[in-house]
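Notes for the one structure printed next.
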Amino acid sequence: DWQEHQQGIEIHSVSFSQDEDDSEDLNELEVNGNWTPQEKALHEARLKAKAKRRLRKSSSRDSTRESLSDSVSGEPSTDPHSPKAKAAVNDRKSRTGKGRGLPKKGGAGGKGVWGAAGMVYEVEELDADDPNYDESGDTVYATVVPELDERELEKTIHPIVQEYFEHGDTKEVQMLLKELNLGHHKFEFSSRAVSLSLEGKASHRELTSRLLSDLSGKVLSESDMSRAFDKMLKELPDLILDTPEAPQMLGQFIARAIADHAIPMSFLDCYKGKVDCDHARAALDRASVLLSMKREIMRLDNVWGVGGGQRPVKHLIKEMNLLLKEYLVSGELSEAEHCLRDLEVPHFHHELVYEAVVMVLESTGDTALQMMVKLLKVFWQTGLITLDQMNRGFQRVYDELPEISLDVPHAHSIMETFVDLCFQEQVITKQLRDSCPTRGRKRFVSEGDGGLVKS
């Protein structure tokens, strides 16, 4: 009853204040016609201020009514200027009175907030109504590498192969090829690598055969290898212009690839009776002969020989001795030069000089002496044997001359003759000639001279 009484008093006071405001407005309207423009503007400002006051009064009455209801229900009212009231204003709880007093969004709301602390987001399921929905399943994002055209292919492959000839690491080549998008030009890598090795050394061809064997089944398939060799068989007429021995070399490449299982054994059978080019036929015949020889497949690992730095020293010495003996029989300087270059051991050429000089000391007659001087002169003029290698070879003979003279009594005199002839042909320097050891010979005047030595 007391609460209803209070509400009735409030309603009566509100209606009374409204009647006073209306009466004031009527009085103002009566004198409205006698105002100047300035007074009229002032009057409008007063009306706006009065409307604001009415709004404040109504809001304060509502808050007073809520506070009264709270006090009646037993909840204590708080001062709006107290710290507790200020904390309530900054509180993130719902103020509509409909919630359970919990923070908004479970404490995960606010500016710059992605979620509650420690929240783990699960994989979002695909929505079939999404316009970007893919029926195939999960969406995979990957870096797209454009396919290389023919011009870019040659510019990219050439430095890779040249660098491989230097380091010989097939795994690095595999890694580089996997980063490229060769597309349907993938077989071009094999053909271009073989073409570059034909113009290089035997060690380069051996490295290329190893590379093709390691890439087979990992980066390149058997069909890619077969297409590469098929293309090279068709290009043999052009390859012969730069490399006359291209048919025989390509045949060895094919035989080595078949032995390494890079291409199938049926590769040669596909060309029987179907080849019109003589050069291609020669290459296929060479491969067929190598594969048909007894136990030759096991020996094809050394079809290109072993690289110079990888050969044992005894094998190199044997090869150089054989080279010198063949030269003394045939007398062909160009063949000897070609054989020495194929060994690919420029750091071991001093052994050739040593063996040549020893062979002269152990030979009979002047034929071997004249031929060896001629051979060393050609090697010196072409730059195949450097000054350092020449000096080291002769110096080794100088150091071992006392031991050699035990088997060859006239070694010192033959050595002096050979050194003088080499100096005349400008094969050795004057300093090297002067350092040649000579045998000291004491000659007495006669038996009865009392030990006097002939001056």
Side-chain angles (χ1 to χ4, degrees), residues 142-243 245-268 270-271 274-275 277 279-280 282-284 286-287 303-304:
T143 304
V144 178
V145 180
E147 182 179 346
L148 298 178
D149 55 12
E150 293 184 1
R151 294 183 179 178
E152 295 177 350
L153 188 68
E154 184 175 0
K155 294 180 181 179
T156 306
I157 290 178
H158 191 275
I160 292 177
V161 177
Q162 292 294 342
E163 289 179 5
Y164 168 70
F165 288 159
E166 297 295 331
H167 57 71
D169 188 1
T170 59
K171 293 183 179 180
E172 183 175 349
V173 179
Q174 292 181 21
M175 180 182 65
L176 293 175
L177 291 180
K178 288 180 179 179
E179 296 176 355
L180 300 176
N181 184 9
L182 300 178
H184 61 282
H185 296 293
K186 189 180 294 186
F187 72 96
E188 293 278 355
F189 177 81
S190 302
S191 61
R192 294 182 185 274
V194 173
S195 299
L196 290 174
S197 65
L198 293 179
E199 301 173 1
K201 305 176 183 178
S203 59
H204 294 169
R205 293 187 282 275
E206 173 64 24
L207 289 173
T208 304
S209 294
R210 294 181 184 177
L211 179 62
L212 296 181
S213 177
D214 291 344
L215 294 180
S216 178
K218 299 177 182 178
V219 180
L220 303 175
S221 61
E222 287 187 354
S223 60
D224 295 330
M225 294 288 187
S226 300
R227 289 183 63 187
F229 283 112
D230 181 67
K231 179 185 177 183
M232 296 207 65
L233 288 172
K234 296 177 181 178
E235 294 178 352
L236 269 178
D238 297 332
L239 295 175
I240 288 178
L241 300 177
D242 297 328
T243 310
E245 299 177 356
Q248 289 75 21
M249 291 182 180
L250 184 58
Q252 293 178 214
F253 266 114
I254 294 174
R256 175 69 178 271
I258 293 176
D260 293 339
H261 304 287
I263 56 178
M265 292 288 293
S266 59
F267 179 80
L268 296 177
C270 299
Y271 292 94
K274 301 179 182 179
V275 181
C277 179
H279 304 300
L284 295 172
R286 173 65 173 169
V303 68
W304 304 114

If I compare all heavy atoms of [X] with all of [Y], which pair ends up nearest, and what's the gap?
| X | Y | value |
| --- | --- | --- |
| Leu198 | Arg205 | O-NH1, 3.7 Å |
| Leu250 | Ala283 | CB-CB, 4.4 Å |
| Phe187 | Asp224 | CB-O, 3.3 Å |
| Pro247 | His279 | CB-O, 3.7 Å |

[Y] side chain reached by [X] side chain, heavy atoms, under 4.5 Å:
| X | Y | result |
| --- | --- | --- |
| Met225 | Leu212 | yes |
| Val161 | Arg192 | no |
| Ile160 | Leu180 | yes |
| Phe189 | Val173 | yes |
| Leu233 | Tyr271 | yes |

Enter the distance from [X]:[atom1] to [Y]:[atom2] here, rounded to the nearest 0.5 Å.
| X | Y | atom1 | atom2 | value |
| --- | --- | --- | --- | --- |
| Lys186 | Asn181 | NZ | CG | 9.0 Å |
| Gln248 | Gln252 | CD | CD | 8.0 Å |
| Arg210 | Asp214 | CZ | CG | 9.0 Å |
| Ile254 | Leu268 | CD1 | CG | 6.5 Å |
| Leu239 | Asp242 | CG | CG | 7.5 Å |
| Leu220 | Ser190 | CG | OG | 4.5 Å |

Fit a plane to each ring of Phe165 and His204, take the angle between them on a 0 to 90° scale, and name the class: parallel (under 30°), tilted (30 to 60°) or perpendicular (over 60°).
-> parallel
Going by atom types alone, do His185 and Glu147 pair a side-chain donor with an acceptor below 3.5 Å?
->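 Short answer, no.
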Quick one: side chain to side chain contact (heavy atoms under 4.5 Å, CB included) partners of His158, sequence neighbours excluded?
-> Gln162, Leu196
So, are Arg256 and Glu206 salt-bridged, with charged N and O less than 4.0 Å apart?
-> yes
Side-chain donor or acceptor of [X] paired with backbone N/O of [Y] under 3.5 Å:
| X | Y | answer |
| --- | --- | --- |
| Ser226 | Glu222 | yes |
| Ser197 | Val194 | yes |
| Ser195 | Ser191 | yes |

Enclosure of Lys201 NZ (heavy-atom neighbours >12, cutoff 6.0 Å) |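 Result for NZ/Lys201: open.
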